[in-house]
There are 2 protein chains.
Amino acid sequence: MSRPHRRATVHDIAAAAGVSRGTVSRVLNGGYVSAEARAAIEAAITEVGYVPNNAARALKMRRSQAVAFVALEPHSLFLDDPNIGSIMLGANAALSLADHQMVSLVVESARDTERVARYLSGGFVDGAIVVSARTRDPIIKVISELALPAAFVGHPPDLDQSIPFVGIDNAGSAQAITARLLAGGRRRIGMIAAALDRDSGIDRLAGFKAALGTAYDAELVADVPHYDYGSGVKGMRALLAAEPAIDGVFAASDAIAAGALEALREAGRSVPGDVGVVGFDDSTWAVRCQPQLSTVHQPAKQLGSCAAQLVLRQLRGEVLEPGGQLLPTPIVWRESA
Amino acid sequence: MSRPHRRATVHDIAAAAGVSRGTVSRVLNGGYVSAEARAAIEAAITEVGYVPNNAARALKMRRSQAVAFVALEPHSLFLDDPNIGSIMLGANAALSLADHQMVSLVVESARDTERVARYLSGGFVDGAIVVSARTRDPIIKVISELALPAAFVGHPPDLDQSIPFVGIDNAGSAQAITARLLAGGRRRIGMIAAALDRDSGIDRLAGFKAALGTAYDAELVADVPHYDYGSGVKGMRALLAAEPAIDGVFAASDAIAAGALEALREAGRSVPGDVGVVGFDDSTWAVRCQPQLSTVHQPAKQLGSCAAQLVLRQLRGEVLEPGGQLLPTPIVWRESA
DNA sequence: TACGAATGTGTGAACGTGCACACAGTAGGA
DNA sequence: TCCTACTGTGTGCACGTTCACACATTCGTA
């Protein structure tokens, strides 16, 4: 045997304290119990070293007191995107306050998708927070079929409309910071756009276009796949090649902006002297850079806690109106533009 | 009612297919079943939309097919330390291959500690991988009392000896890279030491001392609390103040080294011309810096998968010899020294 | 006195599984 | 013919918990 001794159960407590299981249960969950019975049971609990079996409780109660945090793009998430960590911590804090356990599940491959789907359907969690969902992800289908209480952070346009979301106004924020760049006197403004297969990428580009209006020039948009540093370097090189007279850049993320700074340094351009650069996220990148980035602050922690609230409210039985909410994104103006 | 319809169970399948629960169970888990019964049951499964209830299975089997990944220091972990993400992905991949689910639990506060302890003891997981454990963490006590199969990544010196670990030779690696710095002709070498309340911090400092031997000068060690960028900036400033003629620095992490580069730039020193800088981790920081960092490569992904293997082997019933294993840490020589 | 309410306790059933066991039918060999 | 082996199926029980119910005692009051 690998386990030396069976774990103690309510039966063991009952036997040790000389009462019935029912009374033990009442001590644990509240109810009418005499002072002496309570004392005897509590003594017995510490004596036998009882820990409740959540699997049994979950089975009976149909409640596990746990909520899944499903990260659908682990590589970029953990390695490049500093937001995801803050979103997790925000969600964890909110769930913790409501006495729920957050369990985060990482989906890397198709194999993972299937296993996570099984896990979600298996009664181990009462709800799910989904970040970085792509259009038509199989996990989403599973969630809506199970009618599992859920919430998204961000929202691909054709997402299941019955599931609420919390996000930011990517288009509006992009438009606002581009406008500020324009107001600073920049004339030839380019953008390094990324992740155009996701709502965030699409909307940031749309906001950029809207701000420039008739001055918009498709030549001045570099399209890169990811929100990371390396993409920023490449994107900026492409922009410099396309328009040597460029004097402003809106990068779709801070990591990209940091890469752009590198490419500009390599090309001998000064920032903000020759070129003004602005980013998006207000992540740790923003203050690490030289010069520090002007950027759009993304309330990552709050996104996490709001998503958690959306799930918790459903668990309390509230029926939420479909749709979502957008959190404000103040512009943080530093030195890079 | 929040749930419109009860979830389908084996009973429902049995009723729909006109067989007994036992036969359904045999279809699901293997056994003697006639072809026609199997076909009828499989049809019934898709018809009623059956998903197995893992909570019930876990209760009966005393196996949840899930392993916890417990992160004890979320703030520094997710925001500053890029290793943790890779460790997670490595563990996830290994567990996934063995058809186990990884659930990661974040411990932020004392409140979290208690809740996570309950979760671990509750039968939702079969084992645990613990990263960034500090001496005397209450979670460790819980794990060893439960005799929960576990493994550590890293190992505080006074840790429970019965729990295996996987780590790196911090002292040896630190000694090796410091020696290389010496071999490059540097004379006045300092160190920015961090996290001296943890094994990793202590051992890296010890390795540094060992490499310098009699040339070691306690004046040339700046002691900072965390492995982050800001600490690097402050630590380097302190070293420059203590010894303006400093010509080499071993930073206890890449993030610290990046901060040190910043402080050196601010002080007008060239790298590697005036001062050679080396880091530790070979994280994404190393290649982002200007100049790119010479550093110690830490096999983060492999650490995660090894820890997962240690847990999986215990779950298979193997009895592991106590102690741990250390993974090799090649030195990566780039431009900063 | 008697009756209802409040307090305290024990018992049985159920949550959804998987497994041991019992049982039935068929086939093959002594 | 009978015994054994193999295939296929149904039933009861257990995992550890909570809840509904039944029952017991005490007390206040009509």
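Numbers restart at 1 for each chain; the letters A, B, ... are given by sequence-line order, proteins then strands. Bear in mind that the values here come from a model prediction, so they are computed numbers and not experimental data.
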Exercise. Could you walk me through whether Leu303(A) and Ile168(A) pass side chain to side chain contact (heavy atoms under 4.5 Å, CB included), step by step?
Key: CA-CA 8 Å; Leu303(A) 285 169; Ile168(A) 58 169; 4.2 Å; yes
Exercise. Report yes if a side-chain nitrogen or oxygen of Ser34(A) is closer than 4.0 Å to either non-bridging phosphate oxygen (OP1 or OP2) of dT7(C); otherwise report no.
Key: no
Quiz prompt | Nearest atoms (heavy-atom pairs only) where Val153(A) meets Ala307(A) | solution = CG2-CB, 3.8 Å
Self-check item: Whole-Å gap separating C1' (dG16(C)) and CZ (Arg57(B))
Solution: 10 Å
Self-check item: Rounded interatomic separation in angstrom, taking CG from Leu59(B) and P from dG18(C)
Solution: 11 Å
Practice problem: Measure the angle between the two terminal helix axes of the helix from dT1(C)-dA30(D) to dA30(C)-dT1(D), five base pairs each, and quote it to 10°. | Solution: 70°
Practice problem: With a 4.0 Å heavy-atom cut-off, tell me which residues in residues 8-32 of chain A come close to DNA chain D, sorted by residue number. | Solution: Thr9(A), Val10(A), His11(A), Arg21(A), Ser25(A), Asn29(A)
Quiz item: Shortest non-hydrogen contact from Arg7(A) to Pro52(A)?
Solution: NH2-O, 4.1 Å
Quiz item: Applying the side chain to side chain contact (heavy atoms under 4.5 Å, CB included) test to Pro299(B), which of Leu327(B), Val166(B), Ile87(B) qualifies?
Solution: Leu327(B)
Quiz item: Base, sugar-phosphate, or nothing: which does Ala37(A) touch, judged by heavy atoms less than 4.0 Å apart?
Solution: sugar-phosphate
Quiz item: Measuring from Ile129(A):CD1 to Phe152(A):CZ, what's the distance to the nearest 0.5 Å?
Solution: 12.0 Å
Exercise. Identify the heavy atoms of Leu89(A) and Lys301(A) that sit nearest to each other, and give their distance.
Key: CB-CE, 4.3 Å
Self-check item: Short side-chain donor-acceptor distance under 3.5 Å, Glu108(A) and Asn92(B)
Solution: yes
Exercise. Can you label the angle between the Phe124(B) ring and the Tyr119(B) ring as parallel, tilted or perpendicular, going by 30° and 60°?
Key: tilted
Self-check item: Arg21(A)/Asp12(A) salt bridge by N-O under 4.0 Å criterion
Solution: no
Practice problem: Please list, in 5' to 3' order, the outermost nucleotides of DNA chain D lying under 4.0 Å from any heavy atom of chain B. | Solution: dT7(D) to dG16(D)
Quiz item: Do Gln314(A) side-chain atoms and Ala150(A) backbone N/O form a donor-acceptor pair below 3.5 Å?
Solution: yes
Quiz prompt | Euclidean distance, atom CG of residue Asn53(A) to atom P of dT17(C) [Å, nearest integer] | solution = 17 Å
Quiz item: Hey, is the main chain of Arg63(A) close enough, under 3.5 Å, to the side chain of Asp126(A) for a donor-acceptor pair?
Solution: no
